[in-house]
Each structure stands twice: as structure tokens, then as C-alpha cells.
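Written below as C-alpha cells is the structure these notes are about.
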Amino acid sequence: MLKLGGRLVILMLALLLGLLPAAAQDNDASTLVIGINAEVLSLDPHHVPGAIIGNRVYHMIFDSLTRTGSDGSVQPMLATEWRSVSDNQWVFTLRSGVRFQDGTPLTAADAAFSLNRLLFSENESFIRSSFLPYISSVEATGDLELTITTPNTDPLLPLRLASPYAAIMPQAYVESKTFEELQTAPIGAGPYRVESLTPGDRLVLARHDDYWMGQPAAERIVLRVIPEVSTRVAALRSGEVDFITTVSPDLVDELDAVDGLRVDRVSVYNYMLIYFNTKQGPTANPLIRRALALSIDREALANDLWGGRVRVMNDYLLPGEFSYDPDRPIFPYDPAEAQRLMAEAGYNGEVIEFTPPSTYYTNGELVTNVINEMWRAVGFNVDYKPLDTAAWADRSLAGNNIATLQSFGTAGDPATSSIIQTWNSWMGAYYTPSDEFKALAAEAAASLDPDVRQRNYRRIIEILDADVPFTPLYQSVEFYAMKDGIQWNPHPEFYIDPRPGALTLG
Amino acid sequence: MARFILVRMARTALTLFGVVLLTFCLGRLTGDPIAMMLPQTATMEDYERIRASLGLNEPLPTQFIIYVANALRGDLGRSIVFNRPALDLVAERIPLTLQLGLPVLIVSTAVGIPLGVMTARQRNRPFDQLVMSLTLAGQSLPAFFIGILLILVFGVYLRWLPTFGSDTPAHLVLPTLTLLIYPLAIVVRLTRSSMLEALTTGYVRTAQAKGLSEHVVIYRHALRNALIPVVTVVGLQVATVISGSAIVETVFAWPGIGLLAVQSIGGRDYPVIQTIVLISAAAFCVVNMLVDLLYFVIDPRIQSPASR
């Protein structure tokens, strides 16, 4: 029986091994293998959820009309210039000679088709709400001329279109495929075309030889999905991948010490904050909100939990953003003043529910645990309940948080960033900006005069200081680790930019 | 026998219905995929519109009836996060999970049962004690820990084997080993205790007294009787093989059903979760039925209901 069993094992194993595909050619010198932390859900940028993983991938396959540079400025991509022709119309001139990955030339009709697909296609889109309030119609008004009509005067439209989700695709190709087919095999005008997608495993991208910017360095880019961070680090150390994303802060020192490897820290256009419910619970009292904000020692969070690798916030905006104030001191830590405010508010041990997401943000549980202790130390009766991501999202949307952890995306101009836009969204359940705030924001968003905009934004920040609907903590960072020879331009929007000049394999 | 199978199939259908109902309700009670995927700029109107487009604003019973009606026609819905049919997503990952699970099943049975017999025969001798300590360790060490340890030793330091992925036969070694340890330990320990019991029974002593060779006594008389609980446990393992091992697949970035399940539960991707649970449950029911049929073959004293 043993003998028979043994033979059977060998036979079955041999059969199974025969079924396995041959090894993929991942490791030649002109291929860049990147270990990413999550699966690319869909390759259709017009319809997917607004996840970071989309930012990583879409801009490799697609170009948009414009993009945000690493200094926050708007840069030309498929559009070479743009001008405002009336109060509510913009005309974009497209780059001539651009070819899509299927060899067809880019026309204004393709661009109009793509933006209309993003805004109005019959398939529901998660990302649409970021664009729909700002665009009424998109029309091709010439072979390479695109006219976009906005509901209001909007000097920031070129910045709003600098998004990987506003990707331009060839109309003929898209119309020849079903919606399902486009989720895995789209075509764009970006530096790499989709060669193959193995769900959950890898996305193989091949160089677009006719790319308008010139030839990118890597012949192939292979994105490998490795969800577990320890495995991602092991794969880099063993040489199976060249580059990994999302290294956890506690592994940075260990990896940096390895010969031939390097860790790069990238501060992103995003910061962490605690927001409060200004409409119910003890936090409806602004004195309590101010006291909670004052009892957080942000430098201790940055130094002790992040090894000093994050920038403590000093403003509601980020460096590089229009009207950011570099001279503002960091948000103060003053427990004595906090206790004085608590007494003034007549705080008497009312329970403050603190319901952050436990795993959604890097270090989130650690950071909120310490904030909980800081609040308790000044005498707040905190009910600390970290939640599973789905439960937290449900509770947030229902307007039931009293205090929670959240991040805000912010780049370019405050008008397009969360500190102003977010109160029109579901977050309006937590704070209603005053009429003055709204008037200032509306005037700034429609004004072409930088002085007016600067003055209005700084006044809005004074209002935020007084109202404390939320309090910033530190700027978010992303750690990447790679082989020493690789040179790249880190981008604050989670991009790994493979375009010519931006990345070399070494 | 035919009647037995028919009755079991009816019961299986009932079980599957219960499983579907439970998964359907539990998923919807614990969170909302739309809330998680909305960008920060989205308004409550966007939220309601997307929910409506996915049919999530209907009353729960209506949603359930629509789901069951579609499922009976073979349409298990479209993934909310992948925008693709849920059945396609699950089907393309089944072969990978089987590649990992079948070797584990074969080795744990083919090695585990003989090893269990050997330890039972050498009870309390050094070999038995060694195997028992090893299997105890195998049963108590978490797969996550074993997996990372194997990756570090064989992938990073020795560089003999790849650390992740599913490309070549070499990629199979570490995850299979990690997945194998627990079931192997269970089969060995169960076979051993079952054999120890069988070896003290009257029929074994009779067989020994008749002067039958030791080999015949052990394998024809004792083992055959000792196999019943082992077959049950191996049967349960067949079902785990089909549903995949979430932890091992996550650690080794093995894109099978387990990894998809973890991701879909995290994202509350209801159609995919329901499809995975439905397929796992169906496999579980079928295997259980086969195990019950196997009892009759192993032990004729267990009466088939048909012959009653």
C-alpha cells in the first residue's frame, strides 16, 4: 500500500507540474519588475473606484490632456495649450502627431469621446462625481481643437483635468469592444500598452514605441501583486522584483541597511487629520473641539511612531499648494490650555466616541491609540473603538462619527482640494461652512486674480482655525524600495512615472 | 443506494439555499461596498444613484429573490469592484487553488496514514516520540509564521526557491509545504490514536492468535477499522482545498480563491463573496456525500440505507 501510495504521489505531482505554465521571462535587464501591494481592479480609468492603485497604473497606460507636475503646477500632455474663450468656455489645442497604442492618430473627437464617456456613459462610475459638477459639455470643434463648457467660470479646469481618470482613449477601439472587455484590455496614448493581465497575479506592460515623448527606458514593466508586505520585502531582497511600493515604516531601517538596495520616502499630496462632528455629541461645542485639537502632541506622533519620517502639519494646505503659508508654526500642543477650555465648556466627563478605521491607513491603529491616550491624559472620557474599513465607511457616510481619522487629498489649488470641496459631499453631515466661508470659496474659485484668491483662502483658514471642524496631523508618506541602480523622479501622487527621462534602470 | 443519493441531493440543495441566504444577509449587514469606494468629493446623491444602479436600494427580500432567480439561470452577478462577472473571476482562480491543494491532500494522506500506523506500532519509542512532538508543533504553529520563516530561509538567505508567485513548479514548493504541515499532523495523530484503539480489540488479537502475518493483521484488520475517522477528516480537507487557504495564498501572493476571498470580503464585493461561498459549500456537500458512501465500502457493517 505504501509503495502504491508513493507511486501515486509521484505520478500525480508529475501531472500537476506538467500543467503549470512555463516560467515567465521577468528578469532580463530591460524589464522592470515592480511588486505592488494591491490588485489593479480594472484597467478602465473612467469607471473604477478612486483607489491609489489606479493612480499607479493608469498614467503608465494613458495620457490625459494635462498633468500635475511634482511641483504642483499644471503641465501640458496631450493638450499643448489652453485658453479661456468666454466666462464659461475653455478651448484646448491638442498635440499633433500623437499616436494611440493601436497606431491610430489622436484627434479632438477621441478626446471629446473619452471625456464624455467619463462623464455620461450608461455604466455607473465611482469617479464621475469628481468631474461632473465642473463640466457641462465637451465638444470637438476642430481636428485638434476641443471646447469644454463649464457651469460657472472656472479658472481651474486645466488642473481638474490633470487626473489619470480623465484618460484619453481612441473612440474607434472603445466602440468596437464591450464594457467587460475594456476592463482588462484598454488602449491609450500613454508610454506603455497592456500586453497581458493575469488577475490577482500580474499586469505586463510593453513599451509604446510610437510614444510622443520618445522611447521610455524599460522595454517591459511587469507589475506583480504581492499583498503581504513581508513577502514584498523578501521578493526584493531575493532579486525577484526590482522595485516595491508601500513598505511599512517599521521595515524601512532594515531594508536601508541591505547592500544594493535603497528606500525612498515620498511625501504625497495628502495629509492625515482627525475630524469632529460639529452637529452632535460633546464635539458640537467648538471649545471641546479646540481642546481635543490642542491635546494632540503631533511631534511625538511623528517622532515616536514614524521615526521622524513624516512632516508635522503647520497649515491646512501643503507646501507647493497655492497660498500655503510656510511661516505658520506647527499646530500647537498645549494640554494646560486644553484643560482650561474644557472647564470653560463645562465638560463633565461626557463620553467622546472615537471610531477610526483600524487598518485602512498606514500606522492608523498605532496613531489613534496614542491620540486616545493623549485625550485621556487631559481628562477626556474617550470611548476608543477602531472599526473594520467597511464598518467605518458605513458609519462615516451615515454621519455618525463623533471623532475619527481621515486623510484629505490636496494639490495645486485649495479650490480643488478637500478643505473646501469636501463639505459639499457626504462630509457635509459633519460641518456646514458659514455663508461667509461659502462666499469666499465661490469668489476665489471663479477669480483669475491671484491676490483675491490668496486673501480669500487665508480668510477661510482663519475660519477653520476658529471652527475646528477637523485638525491636521501630518503629511502622508509612501515608502518605495528598489535596487540601487534605478533612478526615478518620485511624484507626490503615488505615480511611478516611467516616461522618458523620468526613470532609468541603471 | 439510488434513494440514498437522491435524499442527500435534496438535503444538499436545502443546505445550499441556507448558505446563500446567510451569506447574502451577513454581507449586507456588515458594510457597504459603495461607501468604501466613493471618492471624497462624492455627494449623498452620487451614493444613492450608484446604489440604485446596482439594485442595492431595493428591499432586502426583493434583492434576494432577484439574486436567486438570476442564480438559477446561471448568472451570479457582476463584481462591484472589478466590473466583471463574478463567476468568471472565481472560475479563473480555481485551477490555481487546486494546484496548491491537491498535492497537499495527496501527500498528507499518502504519507500521513503510513506514518500514523508506524508510530502506533512503535508506541512510546523514540521514533513515536519524535514524530508526536513534530506533529504537535505542526498543529500549533500558525501558517503565517511558517510561511514567512520558509520564505526567509529558502528564498532570501539560501536563494534556492522563489519567494512568491505561481509561475513554475519551483514556486509550488514553499506554499505547498506551508499548507501541508497542519493537515499532515492531523492525519498522523488521528491515524495513530485510531490504530492504537484498533490494536487492542478482540478481532486483532484473534487475527494475531490465528498466526496471520503482522502485515496482514495491521493493514487488513486493524487499519481498515481505524480508517473511518481518518476518512472523515480527509474528506473535510478536500473541501478546504477547494475553498483555498486565505492565509497561505496571501503570504505567497498565490492568486487563488483564498486571496480573492480575502480581497472581496475586505471590499464587501457581495456578488464575488456569494459565488465563492456557494462554490465552496457545494464542494463541501458533494465531498461529504462521497465520504458517507465510502463508509459503506470500508466497513460493510455500516448499512447502506438502501439495503435496510
Side-chain angles (χ1 to χ4, degrees), chain A residues 1-2 5-6 8-9 12-13 16-17 19-24 39 41-42 44 47-51 123-124 126-130 179-180 183-184 198-201 224-228 230-231 234-235 237-240 388-391 393-394 396-397 408-409 418 421-422 424-427, chain B residues 30-44 46-47 49-50 53-54 81-85 89 92-93 95 99 102-103 106-107 109-111 113-114 148 151-152 155-156 159 162-169 171-172 219 250-253 255-256 259-260 262-263 266-268:
Chain A
M1 175 157 183
L2 184 58
L8 228 100
V9 173
M12 295 293 275
L13 281 177
L16 277 165
L17 298 185
L19 290 175
L20 288 164
E39 184 168 356
L41 300 172
S42 151
D44 177 355
H47 289 93
V48 293
N123 293 99
E124 226 3 289
F126 282 95
I127 202 71
R128 181 172 290 164
S129 59
S130 305
F179 179 69
E180 271 81 13
Q183 304 306 310
T184 55
T198 314
D201 182 52
R224 301 296 309 267
V225 184
I226 314 176
E228 167 55 40
S230 325
T231 314
R237 295 186 63 176
S238 74
E240 286 163 88
D388 159 69
T389 310
D394 258 12
S396 302
L397 211 63
F408 272 179
S418 298
Q421 280 197 346
T422 203
N424 303 322
S425 75
W426 55 269
M427 280 199 71
Chain B
T30 56
D32 180 338
I34 319 301
M36 255 187 297
M37 284 186 295
L38 278 179
Q40 235 159 48
T41 46
T43 60
M44 285 313 280
D46 295 320
Y47 172 72
R49 200 187 62 240
I50 294 175
S53 79
L54 293 167
V81 305
F82 290 96
N83 287 339
R84 295 178 57 213
L89 282 170
E92 66 198 11
R93 305 209 183 199
Q99 263 177 30
L102 289 181
I106 294 164
V107 175
T109 317
V111 175
I113 293 177
I148 295 288
I151 289 176
L152 279 179
V156 176
R159 304 221 173 169
T163 53
F164 78 101
S166 59
D167 298 334
T168 65
H171 284 87
L172 205 58
Y219 286 104
T250 305
V251 170
F252 289 95
L259 195 54
L260 183 66
V262 170
Q263 194 181 349
R268 298 297 189 277

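Numbers restart at 1 for each chain; the letters A, B, ... are given by sequence-line order, proteins then strands.
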request  = Please determine if B:Asp167 and A:Arg224 form a salt bridge, counting it only when a charged side-chain N lies under 4.0 Å from a carboxylate O.
outcome  = yes

A:Asp44/B:Arg84 ion pair, N-O < 4.0 Å = no

Atom [atom1] of [X] and atom [atom2] of [Y]: how far apart are they, to the nearest 0.5 Å?
X	Y	atom1	atom2	result
B:Phe164	A:Thr231	CZ	OG1	9.5 Å
A:Asp201	B:Arg93	CG	CZ	9.0 Å
A:Leu397	B:Ile34	CG	CD1	10.0 Å

note = Contacts of B:Pro85 meeting side chain to side chain contact (heavy atoms under 4.5 Å, CB included) (sequence neighbours excluded), chain-then-number -> A:Glu180, B:Asp88

query = Would you say B:Thr43 and A:Ser129 make side-chain contact, with heavy atoms under 4.5 Å?
reply = no

A:Thr198 and B:Pro255, any side-chain heavy atoms less than 4.5 Å apart = no

note = Between A:Leu41 and B:Phe82, the two heavy atoms sitting closest are O-CD2, 3.1 Å

request  = Of all the heavy-atom pairs spanning A:Val225 and B:Ala253, show the shortest one and how long it is.
outcome  = O-CB, 3.3 Å

ask   = Between B:Leu54, B:Ile148, B:Ile50, B:Asp46, which residue shows the highest count of heavy-atom pairs closer than 4.5 Å to chain A?
value = B:Ile50

Hey, is the main chain of [Y] close enough, under 3.5 Å, to the side chain of [X] for a donor-acceptor pair?
X	Y	answer
B:Asp32	A:Asp394	no
A:Glu240	B:Thr163	yes
A:Ser238	B:Arg159	no

query = Among all residues two or more places apart in sequence or in another chain, which pass the ring-ring contact (aromatic ring centres under 6.0 Å, His included) test with A:Phe408?
reply = A:Phe470

Output the option from [options] having the highest count of non-hydrogen pairs under 4.5 Å with chain B.
options	answer
A:Ala234, A:Ser396, A:Ser42, A:Ser230	A:Ala234
A:Met427, A:Glu228, A:Gln421	A:Glu228
A:Pro199, A:Ser418, A:Ala393, A:Ser130	A:Pro199

